[in-house]
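Encoded as structure tokens, the structure appears first; notes follow it.
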2 protein chains.
Amino acid sequence: MGISDDTEQHRPEGRGPTLEDVARVAGVSRATVSRVVRGDVQVHQDKVDAVQAAVHTLGYVPNNAARSLASRQTGAVALIVPEHESRVFTDPFFVSAISGVTAGLDPGDKQLLLVLTSPEDRARIRRFLRGGHADGLLVVSHHEGDLTEEMLEEATVPVVFIGRPPRGCSAPFVDLDNTGGGRLAARHLLERGRRRIALICGPQDMPAAVDRRIGIETELAEAGITPVWRSYGDFTLASGEREMAALLASDTSFDAVFASSDLMALGVLKKLEGRGIRVPDDVAVVGFDDIASAADDTISLTTVVNPGRRLAELGATMLLDLLAGRETAQSLVLCPELAVRSTT
Amino acid sequence: MGISDDTEQHRPEGRGPTLEDVARVAGVSRATVSRVVRGDVQVHQDKVDAVQAAVHTLGYVPNNAARSLASRQTGAVALIVPEHESRVFTDPFFVSAISGVTAGLDPGDKQLLLVLTSPEDRARIRRFLRGGHADGLLVVSHHEGDLTEEMLEEATVPVVFIGRPPRGCSAPFVDLDNTGGGRLAARHLLERGRRRIALICGPQDMPAAVDRRIGIETELAEAGITPVWRSYGDFTLASGEREMAALLASDTSFDAVFASSDLMALGVLKKLEGRGIRVPDDVAVVGFDDIASAADDTISLTTVVNPGRRLAELGATMLLDLLAGRETAQSLVLCPELAVRSTT
DNA sequence: GTGAAAGCGCTAACAC
DNA sequence: GTGTTAGCGCTTTCAC
């Protein structure tokens, strides 16, 4: 329209009312207004009323930047996901995590800063950590070495991990007892009379995958049983199919498959169905996660419940407690449960 | 451990180096440091070097709050999703949107503020809009009346809608031509010789659902055909099943079903399979969205492609352009494409 | 309980 | 080009 030139930057228009304005209208000092606005106690009811009235008529809203600058608090919490963006939204766990964090953050009124960044982009992560953008950090990381202790030390704010943090990192965390989950799956299979058990494990650079494998192997070992097969997928459906195909091609005799994630279990089921192998008559299948479709009645997968959403919610709550100086459990490890359905 | 009391608030530890410190070390003024840090041009190379050296040795990182306060810019962009949190993460479209926005925001270095809030919580939205938390807003809203024009006026920053904004709202947007998509589906079904077409539409308080319905009906009408059935789901798989069951129970004779979302189409397919009805031999099925599982070879659903991720990415780019005062297309409407697979 | 005043760390005119 | 000088709007001692 001819009114813009290309150096023009968009700016918020004329400033709204400030504390000062409210103070003037209410006939008190700025300090008093500040106290009322923040809900400080020590103020006479008369003045509180006057200030609130002024706030209302003026439509006053505190300026975040000014508040942060003066108080050294940002009012935001960051969820750091050091994963490739492509993975984040295909992995149901991350989606649950985002969802849970959102819910857990609700009571405190912190904004959620979503920081998705590839693990390689350390410079960016570091910059963020040092920038003081958030009052606290939630890290949902699955891989070893994504965020080293050293990097976390750059963060001068509390950090809570969702999922066990990488080795050597002493931050508080919330996690599922994945080892226990593995044991649970093993015990269930054994109780069902299965003895020739195949394992399709997850990527071993992920603590959760390692724990699940150790859990099931330990439990089996205690029953004097060795898995008839073990291979590794990457938690995706495609990898489940692939490993199942490999197992079938190997001529191994088996009567049960434990897949370390539901997505992989789905791949397993698909392959089995394709070959006309009956589940659970010929082969029992146990997954891990309890994603939504596992409960679907045409699938009905027996699986270890991984309450990702709840975990994330607890993590957010823990961080909020930490920030408020409230007492809080140091770290939480949830007991796994088994959802027994039709594949076993 | 006895060192904390319950009034204690967690605070970032001792302040890091400031512009002033850098200026002192580099032997220049604060203004010059500021220029260098922001990448302003007009500075002699000597000083640039000196400043950068000082920044490096001191480990200086700009303070965001101070910068925002002085510049009246926040360095953040908010993605507002006025949906119930439970819906957001089950709807693949929103997940794509978040993913796409993340990608689109990458070039500008804005932080992503994720604002999920139930449409009822208008007070909270208003507070956010007026709080000046972000330099720009991206709104991905599906429902009519979620965010009224009035509310948007509270935002003093540029807004871009992902998906056509509600009636009466004149903000720029990016969207798919849903009407065109509907026509495409109709034409395809007609070309396949189908004449007795059933429609399972989406919720009619959503512009996208309305457009899809109008598109297919219009195209059919132009061919002199009236749908043999029309009912409404809520875009979920369960509702697809339910409506399909209703259709089957109705004794209507039909040779094709158009489901307004892939999730509903999946429900349709499931029901059809359960009844032993062959697809596409007895009944052709067309969906809308092209979610990941539609391409799965055991499903292989013919569907109208809804590039949600790309849409969101374009929206983010548009907002970035707006913020930078760059020239930008006012609004974008993408042409739909049909992914022809095995269900037609 | 309340007010005065001193910054928080930075940007942006404006001079030089 | 570069430095000087005001603030940005709020919180927070510190007196009263």
Side-chain angles (χ1 to χ4, degrees), chain A residues 7-9 11-51 54-55 58-75 130-133 135 156, chain B residues 7-9 11-51 54-55 58-75 130-133 135 156:
Chain A
T7 65
E8 173 199 8
Q9 297 272 116
R11 286 289 150 71
E13 56 201 47
R15 39 194 71 53
T18 71
L19 252 202
E20 180 110 39
D21 299 327
V22 177
R24 200 178 312 113
V25 171
V28 298
S29 72
R30 269 165 40 209
T32 298
V33 177
S34 175
R35 291 185 185 109
V36 172
V37 169
R38 283 170 314 156
D40 236 6
V41 259
Q42 326 270 50
V43 185
H44 258 302
Q45 192 56 44
D46 318 357
K47 310 228 167 193
V48 173
D49 295 340
V51 169
V55 164
L58 257 35
Y60 167 77
V61 175
N63 175 309
N64 225 266
R67 179 173 271 190
S68 293
L69 182 56
S71 68
R72 314 179 137 280
Q73 304 232 129
T74 66
R130 311 209 30 179
H133 297 269
D135 298 332
T156 54
Chain B
T7 64
E8 173 201 8
Q9 295 271 118
R11 285 288 151 70
E13 56 200 48
R15 40 193 70 52
T18 71
L19 251 203
E20 181 109 39
D21 300 327
V22 177
R24 198 176 318 111
V25 171
V28 297
S29 73
R30 266 161 49 207
T32 298
V33 177
S34 175
R35 290 183 186 111
V36 173
V37 169
R38 285 170 313 158
D40 236 6
V41 259
Q42 326 271 50
V43 185
H44 259 303
Q45 192 57 42
D46 319 354
K47 311 227 167 195
V48 172
D49 295 341
V51 169
V55 164
L58 256 34
Y60 167 77
V61 175
N63 175 309
N64 225 265
R67 179 173 273 189
S68 293
L69 183 55
S71 67
R72 314 179 137 282
Q73 303 235 124
T74 67
R130 311 209 29 179
H133 297 269
D135 299 330
T156 54

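The structure displayed is predicted, hence computed values, not measured ones.
- Annotation: proximity of residues 25-34 of chain B to DNA chain C (heavy atom, distance under 4.0 Å) is found for Arg30(B), Ala31(B), Ser34(B), numbered in ascending order.
- Applying the 4.0 Å criterion to OP1 and OP2 of dA12(C), one finds that Arg38(B) has a side-chain N or O inside that range.
- Comparing Gln45(B) and Ala66(A) against DNA chain D, the residue whose closest nucleotide sits nearer the 5' end is Gln45(B).
- Residue Leu69(B) places its side chain closer to dC8(D) than to any other of dT2(D), dC8(D), dC10(D).
- Between the two ends of the helix from dG1(C)-dC16(D) to dC16(C)-dG1(D), each summarised by a five-pair axis, the helix axis turns through 30° (rounded to 10 degrees).
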For residues 33-44 of chain B, please give each side-chain donor-acceptor pair under 3.5 Å, one per line with the distance, not counting sequence neighbours.
unit_1	atom_1	unit_2	atom_2	d
Ser34(B)	OG	Arg38(B)	NE	3.3
Arg38(B)	NE	Ser34(B)	O	3.1

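- Among residues two or more places apart in sequence or in another chain, the side-chain hydrogen bond (donor to acceptor under 3.5 Å, both in side chains) test is passed with Thr74(B) by Asp135(B).
- Comparing atom distances between the Val43(B) side chain and each of dT2(D), dT11(D), dA12(C) picks out dT2(D) as nearest.
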Polar pairs (N or O, both sides) under 3.5 Å between protein and nucleotides 14-16 of chain C?
none

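- Summarising the geometry, the separation between CD on Glu20(A) and P on dC8(D) is reported as 9 Å, rounded to the nearest angstrom.
- Regarding Asp40(B), its CG atom lies at a distance of 13 Å from the C1' atom of dA13(C), rounded to whole Å.
- Nearest to the side chain of Gln42(A), among dT11(C), dG9(D), dG1(C), sits dG1(C).
- Take Asn63(B) and apply the side chain to side chain contact (heavy atoms under 4.5 Å, CB included) test, not counting sequence neighbours, and it matches Leu69(A), Ala65(B), Ala66(B).
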